[in-house]
2 protein chains.
Amino acid sequence: MTPNKGNGRPKIKMEKMENESNLNVTFAKRRRTLFQKAASELCILCGAEIAIIVFSPSGMLIHMWTLPARFDIATRLDIKSR
Amino acid sequence: MTPNKGNGRPKIKMEKMENESNLNVTFAKRRRTLFQKAASELCILCGAEIAIIVFSPSGMLIHMWTLPARFDIATRLDIKSR
DNA sequence: TTACCTATGTTTAGTAA
DNA sequence: ATTACTAAACATAGGTA
């Protein structure tokens, strides 16, 4: 184990990431956090109901909702993957 | 200005907040961050497209999307406030 | 209500395995 | 693809005004 420097988290520019590998890792991390924050926390803490629809960088459709019964997003949108 | 203690952020339990005033403030803060994170950052950094639909604790409908042209959520859902 | 403060809790970019 | 690590960046609950 070469001791790595461990420079911590750099500040990033708000623009599309160039490096595709980093982009995919970042997308996975942030998507996870987004869903957890949105679904688990905002819903539980505040009694909100949330639906999120995402097209990933590669065009994949991801969706989630915490709506108990108010309406059925998937049905009403007739969601299909591309 | 009485010098306040500034105790910082306490850890909270993951359950519906009791205090309604705190709940509303927290909802506003988190909703803002959620939208900014979801829209501004995930979209810009990773080229994702996102739509979010939220019913607030008081039942108000809030929605946003960063979808350029893929589809029109509002139209397809025929969204109306309650 | 809104806005600011602040210490602390949480996320995360880059890197490596 | 995933996972772990680290330290800095960031979010945020409660308080104050």
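FYI, side chains are in, hydrogens and waters are out, and symmetry mates aren't considered; it's all heavy atoms of this structure. Residue numbers begin at 1 in each chain, while the letters A, B, ... track the order of the sequences.
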* To do: Enter the distance from B/Phe27:CZ to B/Ser56:OG here, rounded to the nearest 0.5 Å.
  => 5.0 Å
* Can you measure from CZ (A/Phe55) to CD1 (A/Ile62) and round to the nearest 0.5 angstrom? =>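 One finds 9.5 Å between CZ of A/Phe55 and CD1 of A/Ile62.
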* Please map the stems of DNA chain C, keeping only stretches of three or more Watson-Crick or G-U wobble pairs with both distances under 3.5 angstrom. => C:2-17 with D:2-17
* Asked: Are the side chain of B/Thr66 and the backbone of B/Glu49 linked by a donor-acceptor contact shorter than 3.5 Å?
  ->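 Absent.
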* **Residues touching DNA chain D, which here means a heavy atom under 4.0 Å, drawn from residues 11-45 of chain B** =>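 Listed by number, they are B/Ile12, B/Met17, B/Asn22, B/Thr26, B/Lys29, B/Arg30, B/Thr33, B/Lys37.
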* Tell me the side-chain hydrogen bond (donor to acceptor under 3.5 Å, both in side chains) pairs involving residues 22-46 of chain B, sequence neighbours left out? ->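 Qualifying pairs, neighbours excluded: A/Arg30-B/Glu41, A/Glu41-B/Arg30, B/Lys37-B/Glu41.
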* Asked: So does A/Arg9 reach the base of D/dA9 with its side chain, donor to acceptor, closer than 3.5 Å?
  -> yes
* Would B/Ile50 and A/Ile53 count as a side chain to side chain contact (heavy atoms under 4.5 Å, CB included) if you check the C-alpha gap in whole Å, the side-chain angles of each, and the deciding distance to 0.1 Å? -> CA-CA 6 Å; B/Ile50 304 172; A/Ile53 301 165; over 6 Å; no
* To do: Assess whether side chain to side chain contact (heavy atoms under 4.5 Å, CB included) is satisfied between A/Ile52 and A/Trp65, documenting all intermediate values.
  => CA-CA 6 Å; A/Ile52 304 183; A/Trp65 52 90; over 6 Å; no
* Not counting sequence neighbours, list each pair that qualifies as a salt bridge (charged side-chain N to carboxylate O under 4.0 Å, His left out) and has a residue in residues 13-22 of chain B. =>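 Every pair satisfying salt bridge (charged side-chain N to carboxylate O under 4.0 Å, His left out) with a residue in residues 13-22 of chain B: B/Lys13-B/Glu15.
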* Hey, what else clusters with B/Leu23 if you join Ile, Leu, Val, Met, Phe, Trp, Tyr whenever side-chain heavy atoms sit under 4.5 Å? ->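 Noted: B/Leu23 shares its cluster with A/Ile44, A/Leu45, B/Ile12, B/Met14, B/Met17.
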